Amino acid sequence: MSDVARHLMRHEISAAPVVDPAGICVGFLSANDFLKRENASQAATFASPSGLTAHVWKPDDVAETYMSTGVQSIAESASLSYAAKIMCMQHIHRLPVIDAAGKPVGIISSMDIVAALSNASEEWFGS
């Protein structure tokens with residue numbers, strides 16, 4: 001989990017798909033999963049001088065334990081409106097985009113859809 005946290009911070013992203021050794025998407029790990037982890041386990045924490053609590057990651061704290069499974073994904077050929085419909089129906093903010101072999105090729109977020117709509121409205125209506 002500490003490796004995942006560093007990766008997310010280094011790339012300034014808040015979530016990433018988790019893949020198996022064959023590269024198939026088997027789950028999704030987001031900042032929300034880290035928050036759930038913090039709430040679930042107070043045993044491995046200590047108080048800092050500032051009075052805030054800091055987490056100590058153990059070696060067995062692995063992504064597979066904390067990732068969301070049963071993740072909804074979308075084919076790379078799917079339309080933007082279909083992605084938006086899935087996100088609304090499932091109450092989710094991100095969808096892994098997968099190729100025909102089930103390997104992730106990207107992620108589409110609700111903000112990507114908002115940006116696309118904003119750009120489209122500027123083209124249609126000007127400004």
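Numbering of residues begins at 1 and proceeds along the displayed sequence. Fair warning: this is a prediction, and the values are worked out from it, not measured in the lab.
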**Report entry** Heavy-atom closest contact (Pro17 atom, Pro104 atom, distance)
**Finding:** CG-CB, 4.0 Å

Query - Remaining members of the apolar cluster that contains Val97, side-chain heavy atoms under 4.5 Å - result: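 Besides Val97, the cluster holds Ile74, Leu80, Tyr82, Ile86, Met87, Ile92, Leu95, Val105, Ile108, Ile113, Leu117.
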
Query raised in the report: Who else is in the cluster with Val71 when I, L, V, M, F, W and Y are joined by side-chain contacts under 4.5 Å?
Result: Phe28, Ile107

Query raised in the report: Given Arg94, which of Ser110, Ser14, Ser30, Ser109 fulfils the side chain to side chain donor-acceptor pair (under 3.5 Å) condition?
Result: Ser14

Report task. Would you kindly confirm whether Tyr66 and Val18 end up in one hydrophobic cluster when ILVMFWY residues are joined by side chain heavy atoms under 4.5 Å apart? Result -> yes

Query raised in the report: Same cluster for Leu29 and Val26 if Ile/Leu/Val/Met/Phe/Trp/Tyr side chains link at under 4.5 Å?
Result: yes

Query raised in the report: Val4 versus His7: any side-chain heavy-atom pair under 4.5 Å?
Result: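 When only atoms from C-beta onward are counted, His7 and Val4 do not touch, as no gap falls below 4.5 Å.
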
Query raised in the report: So do the side chains of Ile98 and Lys103 get within less than 4.5 Å of each other, counting heavy atoms only?
Result: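 Not touching, per the 4.5 Å side-chain cut-off.
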
Query - Residues, nucleotides or ligands: over 12 heavy atoms within 6.0 Å of Glu64 CD - result: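 For Glu64, atom CD is not crowded (no more than 12 foreign heavy atoms under 6.0 Å).
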
